[in-house]
Structures are given as C-alpha cells and as structure tokens.
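In the text below, chain A, chain B and the rest are named by the order of the sequence lines, each starting its count at 1. As the structure is a computational prediction, the values presented were derived from the model and not from experiment.
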Amino acid sequence: PARQNRLFKFFCLH
Amino acid sequence: MFEGRLLQGSLLKKVLEAIKDLVTDTNFDCSETGIALQAMDSSHVALVSLLLKDTGFDHFRCDRNLALGINLQNMSKMLKCAGNDDIITLKAEDEGDTITFMFESPNQDKISDFEMKLMDIDSEHLGIPDTDYQAIVTMPSAEFQRIVRDLSSIGDTAVIGVTKEGISFSTGGDIGKANIVCRQNTNVDKEEDQTTVEIHEPVSLTFALRYLNSFTKATALSPQVTLSLSKELPIVVEYKIEKMGFLRFYLAPKIEE
C-alpha cells in the first residue's frame with residue numbers, strides 16, 4: 001500500500 | 001518595535017484564509033527584510049512557507065528580530081473585522097505579549113484597533129534544500145482548484161504526471177476513475193490563462209487530494225499557480241503574491257512501501 005510519508009523523511013529538522 | 005503598514009490589507013486577509021485550516025499555531029518571524037512564516041500541519045506531511053518582503057509594505061520597521069507566536073484562527077477572527085479595502089497595520093513591541101492590528105478605511109474616516117494576545121510557540125523548522133525540480137508547471141490557479149475539487153469527489157489520492165506534452169491528474173474510487181490532462185498552452189491572449197511546462201525528465205507522483213484541496217484556498221492570491229515536482233520529493237504548490245513574495249505549500253508524496 002502507498003503510505004503518506006512525513007516531511008522529516010525528505011527535509012532535515014533544524 | 002515592529003510595525004508594518006500594508007496598503008492592500010486584503011492580501012493579509014487572503015493569506016490567513018488560505019492557511020488557517022491547515023496550521024493552528026505558528027510564529028510570524030519578523031526581521032528588517034520582512035515577515036516570514038514556516039509551519040507544518042499537525043500530521044507533518046504538509047508545510048506552509050510564507051514570505052512578505054518589507055519592500056511590499058508602505059511602511060516597514062523592525063528594530064530587532066521578533067518571533068510573534070500567533071493562533072491563526074484567532075488572527076483570522078480579527079482580520080475578518082477589517083474591510084476588504086482597508087489598510088492594515090501590524091504593530092508589536094519588542095518585549096510585549098500582544099500584537100495590534102490597525103484597520104484604516106480607504107478615506108480615513110474609520111480607524112479600528114484590535115489587540116490580540118500572543119503565545120509562546122516552539123517551532124519545528126525544516127531545512128528545505130534548493131532543488132532543481134524535474135518538472136515545473138505553471139497554470140491558471142482557478143483551473144487547478146477546479147481539477148482538485150472535481151477529483152476529490154471521486155477519489156482520495158491523485159497521481160500527478162508531467163510529460164513535455166502537459167500535466168495530467170488521475171484518480172480512482174468506488175464509483176470509477178478520472179483522468180484530466182492540461183496541455184501546454186502558450187497561444188492564449190491573456191498570460192494568466194497560459195499553461196507552461198518546463199521539464200527535464202517526466203515525473204509521476206501520488207498525493208492526498210485532501211491536502212491539495214486545502215492549498216487551493218490560496219487561489220484568490222494569484223491568477224497562476226506553479227507546481228514543482230521531482231521523483232520522491234514533496235511537491236511545491238506556489239502562489240506568488242504580487243510585489244511581496246509568495247505563499248508555498250509542500251506536500252509529501254505517497255510512496256509504495
């Protein structure tokens with residue numbers, strides 16, 4: 001199934 | 001102290017209407033170059049990024065950097081009290097715990113002051129790298145809104161695909177399927193009716209329509225919207241704000257596990 005990934009996966013947390 | 005006078009107050013009203021249902025509380029970061037805001041929705045899959053440059057204000061003063069913690073629903077309630085043609089001035093003291101919204105009617109015969117309490121917000125700031133997107137599509141914002149709304153009545157997710165011919169939006173649900181293609185179209189009279197495709201590589205990504213729908217609340221800000229896509233990266237949905245900056249939404253794609 002397709003999962004909605006969180007933005008943390010793509011961008012780093014400052 | 002901080003003070004910003006915006007002749008076109010309706011812009012601020014429109015910005016609030018566009019983001020208040022996606023984000024609850026956020027800091028408005030004020031500096032001498034303008035007002036910036038970055039906030040994620042509660043599920044951390046969508047992000048709002050706003051820039052209002054100082055040069056877009058009639059008067060702008062910010063003595064030192066301030067993070068004004070604001071509940072957007074409350075700010076929206078206050079701004080709804082401003083007329084569409086009103087001039088809006090934002091004011092805050094350096095050590096204060098309130099922000100003042102001053103509304104001036106166009107002929108200066110009515111001046112209103114609304115004071116709103118600020119809050120302390122621990123913000124989670126994401127670093128968004130500069131990216132050369134594989135595909136960038138600019139199209140009429142009303143058309144994008146219509147497509148997203150139409151597809152939402154049929155399915156929960158949309159596949160957005162870009163080829164050099166154009167951009168396609170597909171969905172499927174219990175009642176059936178839908179596929180809409182918008183071709184590159186630069187031969188129209190008005191520039192704002194154009195659809196342009198800039199592409200390095202064809203790309204196809206899946207997104208939740210609920211969020212895309214929410215982003216289109218910004219349609220009133222700009223006649224055009226720009227969609228930037230790259231494989232396995234969040235889509236950027238950008239509304240330019242004339243003379244001031246932009247309102248951008250980022251949405252993480254759905255990825256097969």
Side-chain angles (χ1 to χ4, degrees), chain A, chain B residues 22-23 27 29 36 38-49 67 122-131 133 155-160 170-173 204-212 214-215 228-237 248-257:
Chain A
R3 263 199 56 191
Q4 184 84 46
N5 287 282
R6 295 182 165 208
L7 288 165
F8 304 119
K9 186 182 157 115
F10 308 97
F11 302 140
C12 55
L13 195 61
H14 273 208
Chain B
L22 194 62
V23 173
N27 281 321
D29 296 313
Q38 195 206 79
M40 277 185 281
D41 81 299
S42 58
S43 61
H44 295 144
V45 300
L47 180 140
V48 177
S49 173
D122 285 329
S123 60
E124 292 171 309
H125 235 72
L126 285 183
I128 301 168
D130 280 333
T131 306
Y133 285 92
D156 296 328
T157 61
V159 178
I160 302 182
S170 317
T171 193
S204 175
L205 290 166
T206 305
F207 299 99
L209 279 163
R210 185 166 71 85
Y211 286 98
L212 296 175
S214 173
F215 303 163
S228 303
L229 296 109
S230 268
K231 193 182 171 199
E232 295 190 359
L233 269 190
I235 186 174
V236 190
V237 179
R248 286 181 191 147
F249 300 97
Y250 295 80
L251 177 62
K254 291 196 171 240
I255 290 175
E256 300 290 334
E257 292 293 297

* Asked: How about B/Leu126 and A/Phe8: do any of their side-chain heavy atoms sit closer than 4.5 Å?
  -> yes
* Compute the centroid of each ring, for B/Tyr250 and then for A/Phe11, and state whether the two points are separated by less than 6.0 Å. => yes
* **Shortest non-hydrogen separation from B/Ala252 to A/Leu7 and the atoms involved** => N-CD2, 3.9 Å
* Structure fact -> NE2 (B/His44) and CG (A/Asn5) are apart, to the nearest 0.5 Å, by 14.5 Å
* Asked: For B/Asp41, which residues count as a side-chain contact (heavy atoms from CB on, under 4.5 Å) partner, sequence neighbours excluded?
  -> B/Leu22, B/Ser43, B/Val45, B/Ala46, B/Tyr211
